[in-house]
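For reference, the structure is listed below as structure tokens.
In what follows, every chain begins at residue 1, and chains take the letters A, B, ... in the order their sequences are listed. What's counted below: heavy atoms across the whole structure, side chains too, no hydrogens, waters or symmetry copies. Just so you know, these numbers come straight off a predicted model, no measurement behind them.
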There are 2 protein chains.
Amino acid sequence: MKRITIKDIARELGIHHSTVSRALRGSPEINAITIEKVMRYASERGYQINRNALFLRGSRSNIIGVIVPNIHHSFFSNFVSIVTKLASASGYIVAVFQSEESVKQEKEITKSIIQQNIAGVISSLTMETTDVSHFQQLDSYKIPFVCFDRISPLLSKSAVILDNASALKNVVLKLHGKGFKKMAYLSGVPSIHLFKERQKGYLLGLKEINSQYENCIAITEGFSIENGFEVALKLFNRKNRPDALIFDSHVLAWGALNYLKISKKKLFPKIGIASFGGYPWLSLATPNALVIQQPEEKMAEASFNLLMENIKNPDNCEIKTLMFQAEIA
Amino acid sequence: MKRITIKDIARELGIHHSTVSRALRGSPEINAITIEKVMRYASERGYQINRNALFLRGSRSNIIGVIVPNIHHSFFSNFVSIVTKLASASGYIVAVFQSEESVKQEKEITKSIIQQNIAGVISSLTMETTDVSHFQQLDSYKIPFVCFDRISPLLSKSAVILDNASALKNVVLKLHGKGFKKMAYLSGVPSIHLFKERQKGYLLGLKEINSQYENCIAITEGFSIENGFEVALKLFNRKNRPDALIFDSHVLAWGALNYLKISKKKLFPKIGIASFGGYPWLSLATPNALVIQQPEEKMAEASFNLLMENIKNPDNCEIKTLMFQAEIA
DNA sequence: TTCATATGTGCACACGTGTGCATTTTTAAA
DNA sequence: TTTAAAAATGCACACGTGTGCACATATGAA
């Protein structure tokens with residue numbers, strides 16, 4: 001009751017296992033009758049190839065590694081979902097790794113990726129990733145690598161990103177168009193490339209509308225509901241209140257909405273709210289919501305295609321950066 | 001510039017590769033000096049073991065397969081996230097598979113799982129899974145298997161499920177406690193074990209409160225926002241309207257909320273809404289929302305632990321079914 | 001029948017690792 | 001110094017697969 005191998009088939013049919021191997025691949029040098037015989041017996045016995053053996057020989061697996069901070073986030077789970085679909089359509093399977101915003105974990109993951117002989121990696125960096133040596137190490141193992149969303153200028157790899165600056169500029173303009181004057185931007189860790197870009201865009205937007213409101217950037221400690229609640233609490237107890245809030249994450253936005261609802265100041269639902277993600281829940285929950293939508297499908301597809309290019313063409317892998325525009329709905 | 005192997009180390013150090021192998025594992029039969037020498041050289045050169053070779057020898061990988069309908073769903077992504085964390089803490093990695101509610105895909109997945117020599121599987125079934133032979137096939141390859149959430153009575157495997165009947169009964173009682181009288185249950189495909197249980201619970205609840213309202217079960221076509229919108233549209237244009245809706249999925253609930261908001265009948269926000277999942281967004285969006293929360297962490301942990309038991313103890317794997325209670329918040 | 005050419009199969013090895021066993025080297029006792 | 005025991009290392013094989021090459025069988029023509 002063991003796993004059946006080509007050697008088993010060979011023994012049973014009284015031929016050599018190499019013949020079985022060729023027959024199963026439909027090699028033209030094998031007699032049609034033999035092929036037929038082998039094929040039939042193989043499917044009768046439910047033969048399944050052992051890919052481990054295959055990879056050991058050819059030293060390239062059909063496993064794609066996807067590294068995200070945490071998969072329990074709409075953006076990342078959607079991304080992984082799409083990559084997984086595309087991968088399985090191309091005969092690959094996807095291994096998911098969660099860095100949990102920890103460089104230490106990230107290093108463990110790259111180690112694991114090397115050990116598993118993984119065919120290629122699509123990754124979004126942690127917030128604290130400044131040292132990128134563990135990713136560069138993948139080069140010496142010739143493991144193709146594509147970065148998405150959270151990139152690092154230090155890591156010269158193909159990348160798929162959002163035009164974060166434009167996204168924030170446009171959301172400022174849209175809020176202005178809706179009549180809001182005093183927009184605050186609630187940002188994450190400012191050291192990350194992505195957030196720097198968003199801040200740039202925010203300031204650019206303010207400039208374009210000649211905003212009188214001193215630019216107001218608040219750094220939240222994290223991206224939890226509580227963080228959103230706290231930052232709203234803080235901002236609305238200042239002298240010069242904002243009339244619109246732009247969030248890096250819809251989770252923060254929910255926290256702020258919660259504050260607005262329970263605060264007796266009747267600010268809700270007049271305050272403008274904009275956030276990355278949260279469609280369509282946020283729009284349903286409050287009338288003045290704008291959702292910044294990343295084209296997740298396109299970005300996932302682009303990442304996968306870039307990776308595939310690198311896998312098929314291991315030598316000639318030029319570095320490309322693909323930038324996508326957000327939609328604001 | 002190739003991958004370094006134990007043979008490379010052996011050649012370089014002038015010893016046999018079997019000695020290197022033993023040294024790297026710190027075998028007591030190897031001279032301490034040799035171990036030291038090998039260890040140092042290995043870490044200098046950044047040696048990483050090739051797990052493919054390892055698995056080929058021992059024929060058991062460190063890959064756990066997780067099958068879900070689609071990972072872009074809060075419940076499943078949270079589940080996968082937790083399993084992945086636990087797995088990586090135990091030296092395993094997780095491969096994600098999406099059945100997309102298709103038995104055909106499910107069969108492809110089991111095939112892939114066999115080919116990859118995967119160490120164990122945690123799976124939730126598709127809606128249309130009645131034939132379970134592809135899962136039973138895993139037995140002949142001795143691949144441990146744990147079912148969660150969506151199970152089948154035909155598949156006698158260890159399972160981790162929610163007490164769906166009690167959950168629905170309790171939510172009926174809670175809505176009744178809040179003063180609602182006419183509760184409708186918007187259900188998915190009734191052939192699935194899980195939904196049958198929920199219907200049972202719903203009817204049990206109605207009986208317990210002596211509801212006068214004819215039991216009202218509407219079957220939605222799917223689980224999209226649009227489906228939720230449509231079902232609300234239909235129900236609220238009947239003569240005897242419900243005053244509370246219980247949904248199998250928060251996505252449906254959002255669609256219904258959307259209808260309530262745009263319909264001029266000022267039904268919103270008086271209608272009671274209950275749904276599986278959606279915490280805390282739903283509660284923030286409408287005052288009369290109840291969220292049925294599955295203990296996802298506990299369920300994921302239980303599934304993982306059951307699988308580990310089966311992996312460690314391949315022979316003595318008794319079938320257990322663990323049932324968890326939902327919380328209603 | 002005899003040789004040359006197709007056609008089909010078998011042999012041996014490689015991939016990287018671990019392990020039972022044989023062999024060599026070292027150590028300790030006589 | 002010899003001998004027995006102990007310690008350290010090498011050898012060979014296995015895991016399942018694919019492939020270059022040699023070999024065998026069959027086909028055809030002279």
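Taking every side-chain heavy atom of B:N31 into account, D:dA8 is the closest of D:dA8, C:dT9, C:dT17. Nearest nucleotide to the A:I49 side chain, out of C:dT17, D:dG18, C:dT9: D:dG18.
Between A:I33 atom CD1 and D:dT25 atom P there is a gap of 17 Å when expressed in whole angstrom units. Remark: P of C:dG16 and OH of B:Y47 are 10 Å apart, rounded to the nearest angstrom. Distance, A:R57 CZ to D:dT19 P: 5 Å, rounded to whole Å. B:K7 places its NZ atom 13 Å from the P atom of D:dC13, with the value rounded to the nearest Å. Following rounding to the nearest Å, A:K2 (NZ) and D:dA14 (P) show an atom-to-atom distance of 12 Å. In this structure, A:N52 places its CG atom 13 Å from P of D:dG18, rounding to the nearest Å. Computed from coordinates, the B:Y141 OH to D:dC15 C1' distance equals 16 Å when rounded to whole Å. Counting to the nearest Å, the C1' atom of C:dG16 and the CD1 atom of B:I4 are 13 Å from each other.
Within the structure, a side-chain polar atom (N or O) of B:R25 is placed less than 4.0 Å from OP1 or OP2 of C:dG18. Look at B:T34 and you'll find a side-chain N or O under 4.0 angstrom from OP1 or OP2 of D:dT9.
Using a 4.0 Å heavy-atom distance criterion, A:L56 is classed as a base contact.
Side-chain contact, A:R3 with B:N117: a donor N or O sits under 3.5 Å from an acceptor N or O. Defined by atom type and a distance below 3.5 Å, a donor-acceptor pair is present between the side-chain atoms of B:T126 and B:T129. Using modelled atom types and a 3.5 Å distance limit, the side chains of B:N70 and A:S81 yield a donor-acceptor pair. At a cut-off of 3.5 Å, with distance as the only test, no side-chain donor of A:N50 or B:Q116 sits close to an acceptor on the other residue.
Note: A:F304 and A:Y92 have perpendicular aromatic rings, judged against thresholds of 30 and 60 degrees for the angle between ring planes. Between B:F76 and B:F148, the angle of the ring planes goes over 60°, which puts this pair in the perpendicular group of the 30/60° scheme.
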Go through the steps to decide whether B:K320 and B:E309 satisfy the test salt bridge (Lys or Arg N to Asp or Glu O under 4.0 Å), and finish with yes or no. CA-CA 11 Å; B:K320 295 182 198 169; B:E309 269 179 41; 3.0 Å; yes

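For the segment residues 15-22 of chain A, residues with any heavy atom less than 4.0 angstrom from an atom of DNA chain D are, sorted by number, A:H17, A:S18, A:S21, A:R22.
Between B:E29 and B:A53, the residue anchored closer to the 5' end of DNA chain D is B:E29, taking for each the nucleotide with the nearest heavy atom.
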